[in-house]
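The block underneath contains the structure these notes are about, expressed in structure tokens.
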Amino acid sequence: MTRSTKIRWALPALLVPALALGLFSLFGCGGDDQNDTPSGPPPRAAPTGALSFAVIDVAGSMGYTMRNRSGTSRAKNFIVEAMPPGIAVGDFNGDGWMDLYCPNGNQLGKWDPRARLIGFARPEEAPRNELYWNRGGKRFEPGGKAAGVDGSGWSFGAVAGDLDNDGDTDLFVCNWGLNRLYLNNGDGTFKEVAVQLGAAGDARGWSTGACLVDYDRDGDLDIFIAQYSDMHALFSDKSSVRQNADGTLDGRTCVWRGIKTYCGPLGLRPQNDVLLENRLQEEGGLRFKDVTRARGLYIPHNDRSGKENSTGPFYGFQPVAWDIDGDGWQDVFVANDSVLNQCWINRGGKQGFVDDAARMGLAMSSTDHTAQASMGVGVGDLNGDGLLDLVVTEFSHDQFNVLLAERLENGIVIFNEKAAHTGMRDVTFMKLGWGANVFDADLDGDNDIFFACGHVYPEVDDFPSLQTPYRQTNLLILNDGSRRLRLRDVSRDAGPGLAVRKPSRASATIDFDNDGDLDIATTELNESPCLLRFDLDPKHKHHWVAIRLKGDPKAQIPLDPAGAIVRVTAGGKTLTRVRLIGSTFQSSEDPRLHFGLGTATKVEKVEIQWPNGKTTFLSELPIDKVSVIVFPGPS
């Protein structure tokens, strides 16, 4: 997550003052106790100032309260303790209300020299993942244990999608250790099948984020998994880690801007990302095959691996998949930590992939031509030209990226860095970002941006001159709607929900109350989460439409058609959205594509580009409603 220099052995990292890390009640979002009784959503907030909306946190009153536990709440000895968790949004029981799945972390146990593996907290003491059922937009009810999805490993990312084409939403959970695949039984329960179906991976693996993509256009969803590093290799290295007599471990320290911190990631042994091919269509039953090497995605270790100028493998955080170059095949962009990013261009399914990030302007910073510490990825059309752009979160003392897509005369797609030109550089430079969401916050027809922020080093609170605290406020950036693209930070004016200071990590859009505007669910490191409700002023009546797509496996379109692109024309403006399953930071968002229409009262045209290359056109669509469109669309 940053560049640091090893200096010497040390005991646990410096403690920050109680004033800086305590007083949780002043800064909290959700309740402190996972068993808090929800009181229901509070009344809608009235906007103030020039904004047409207000943002308030309703996590505690709604019952969304799971407190993350990753390592200790203060000192961080190892990089793995500072990263999780993600979040997955999905309608898991088919009642029309979006539920929340929340991975949890764990704590380091003792080193097992025979197995050469580190242990976690004892099962009876271990944190557990949670599933929150949305009860009509009025409260969230915890039900992970009854549903069979309350795993107790060390979880990171999660994605929600229909992997077996049976019409309900399944879960894939990225772990440090074996991954989990939960198939939805359709009755409020799930069955864990990762090992038996070939989706569990390696016990030594550290999977961070994932995305679902039909890379071979056969009508089922494959799984692309970003992986980070082999932490067990670090723990077995006595020159890097002190193995105490009782089996516990102490990490070395490094220096970041004069502060002693934990080390990483440079110097750790990176792991290859993984592509799991879904064999459902070919074999008639769900099974996954690792095709990483066969599709050209495997990078052998070399003398530059684990260094800043690495040629791979890389420290992967979040993969995002759609047809980036417009050739009809879905590609994969991967945000990597402290090394070059990758953009795997699909050459035709079974023909494999080639990394074209450097030529496309996606590999490194165009400002100083060095690798950045990329974390989260948001995708959306920011300037209204019909091409999907990228925003990427980075470490503090570095700008977050605004990458606008451009199609050259020869058809090649490149990305131009516009952080400085749009005002984003100054806004984000002192922040440390994770989740990145591109969505229309005020339903005016232009895509806006939300960034989840929080530092990784608690020690920074002892050094106020760095101007980057451990607990940070999140960012809401509004789009002015011009082709020149100007972005304005409205975080301070958007209501109390944006005034909260926490070590935020993941963020996911979710219209949890089905009122047409998107809200934001976040997760926090070692703290309880936030549920940021956007309350729009009824005086500024902005209309909307939302679309839920359903494919047809017989037409080589997954029932959950990841990668489908939808264009809605209303009021003379055409809006573009893409169905992503896996984006932002280690998360997946509301599966419905939301379009703000501003004051337009009629949809003039809808164009749907399905993943198999077919196109559906609709001449109308009801406004202020969710429409379900099944391939090939109305006859």
Side-chain angles (χ1 to χ4, degrees), residues 1-2 12-32 55-57 59-60 64-77 79 81-87 102 104-105 256-257 259-262 373 375-376 393-398 400 427-437 450-477 489 491-492 494-507 520-532 585-586:
M1 284 175 284
T2 185
L14 298 174
L15 296 177
V16 298
L19 182 60
L21 282 179
L23 301 179
F24 173 79
S25 61
L26 296 181
F27 304 108
C29 292
D32 283 336
V55 183
I56 63 171
D57 172 62
Y64 173 48
T65 56
M66 187 190 80
R67 189 180 180 91
N68 170 257
R69 196 168 114 203
S70 297
T72 60
S73 61
R74 295 191 177 187
K76 302 294 182 185
N77 290 330
I79 193 172
E81 299 175 305
M83 291 191 191
I87 187 171
C102 305
N104 211 332
W256 177 77
R257 295 184 175 269
I259 303 176
K260 297 175 184 177
T261 68
Y262 64 77
M375 263 75 89
T393 51
E394 308 290 348
F395 209 81
S396 67
H397 300 82
D398 191 6
F400 297 3
V427 172
T428 62
F429 195 79
M430 305 309 296
K431 295 283 190 176
L432 198 163
W434 301 88
N437 313 93
F450 179 89
F451 291 126
C453 304
H455 219 283
V456 294
Y457 303 136
E459 298 86 355
V460 296
D461 284 339
D462 282 344
F463 299 85
S465 62
L466 290 173
Q467 303 179 58
T468 180
Y470 180 63
R471 288 181 172 86
Q472 300 185 2
T473 54
N474 297 324
L475 291 173
L476 180 62
I477 312 295
D489 179 13
S491 308
R492 293 184 179 182
L498 273 298
V500 172
R501 295 182 180 273
K502 305 204 77 172
S504 296
R505 292 300 185 261
S507 56
I520 299 281
T522 72
T523 61
E524 322 295 331
L525 189 71
N526 294 108
E527 297 188 13
S528 53
C530 297
L531 183 60
L532 303 178
F585 178 72
Q586 299 181 359

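As the structure is a computational prediction, the values presented were derived from the model and not from experiment.
- In this structure, CG in Leu525 is found 4.5 Å from CZ in Arg505, a value given to the nearest 0.5 Å.
- In this structure, Trp256 and Tyr457 have tilted ring planes: the angle between them lies in the 30° to 60° band.
- Exactly one of Arg69, Lys76, Lys502 qualifies for a side chain to side chain donor-acceptor pair (under 3.5 Å) with Asn526. That residue is Lys76.
- For the residue pair His455 and Ser396, a side-chain donor N or O sits within less than 3.5 Å of a side-chain acceptor on the partner.
- Between the Asp57 side chain and the Gly497 main chain, no donor and acceptor come within less than 3.5 Å of each other.
- Contact annotation: the side chain of Cys530 approaches that of Glu524 to within less than 4.5 Å [non-hydrogen atoms, C-beta and beyond].
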Please lay out, stage by stage, how Leu432 and Met375 fare under the test side-chain contact (heavy atoms from CB on, under 4.5 Å). CA-CA 9 Å; Leu432 198 163; Met375 263 75 89; 3.6 Å; yes
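- Side chains of Leu531 and Thr522 form no contact here, defined as non-hydrogen atoms less than 4.5 Å apart.
- Of the possible donor and acceptor atoms, none in the side chain of Asn68 sits under 3.5 Å from a partner among the backbone N and O of Glu527.
- Interatomic distance, CG of Leu476 versus CG of Leu532, reported as 9.5 Å (0.5 Å rounding).
- A donor-acceptor pair under 3.5 Å is formed between the side chain of Thr393 and the backbone N or O of Trp434.
- At least one side-chain heavy atom of Met430 sits less than 4.5 Å from a side-chain heavy atom of His397.
- Here the CG atom belonging to Asn437 is positioned 4.0 Å from the CD1 atom belonging to Ile520, to the nearest 0.5 angstrom.
- The shortest side-chain heavy-atom distance between Phe450 and Ile477 does not fall under the 4.5 Å cut-off.
- Looking at every heavy atom in both residues, Asn474 comes nearest to Ser504 through OD1-OG, 3.3 Å.
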Let's go through Leu498 and Arg492 carefully: what are the C-alpha distance in whole Å and the side-chain angles of both, what is the deciding distance for side-chain contact (heavy atoms from CB on, under 4.5 Å) to 0.1 Å, and is it a yes or a no? CA-CA 7 Å; Leu498 273 298; Arg492 293 184 179 182; over 6 Å; no
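- Pairing each heavy atom of Ala452 with each of Ala506, the nearest pair is CB-O, 4.2 Å.
- Ile87 contributes atom CD1, which lies 13.0 Å from atom CZ of Phe585 (distance to the nearest 0.5 angstrom).
- Summarising the geometry of Pro529 relative to Ala59, their closest heavy-atom pair is O-CB, 3.6 Å, with the distance given to 0.1 Å.
- Separating the CZ atom in Arg257 from the OG atom in Ser465 is a distance of 10.0 Å, to the nearest 0.5 Å.
- One side chain, Gln472 or Thr468, offers a donor N or O that lies under 3.5 Å from an acceptor on the other.
- One distance of note links CZ of Phe400 with SG of Cys453; it measures 4.5 Å at 0.5 Å rounding.
- A donor-acceptor distance shorter than 3.5 angstrom exists from the side chain of Thr523 to the backbone of Pro85, with no hydrogens or angles considered.
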Test side-chain contact (heavy atoms from CB on, under 4.5 Å) applied to Val500 and Thr473, step by step: CA-CA 6 Å; Val500 172; Thr473 54; over 6 Å; no
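- Under the 4.5 Å side-chain criterion, counting only non-hydrogen atoms from C-beta, Ile79 is in contact with Tyr262.
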Any chance you could lay out the side-chain contact (heavy atoms from CB on, under 4.5 Å) test for Phe451 and Lys431, step after step, and finish with the verdict? CA-CA 10 Å; Phe451 291 126; Lys431 295 283 190 176; over 6 Å; no
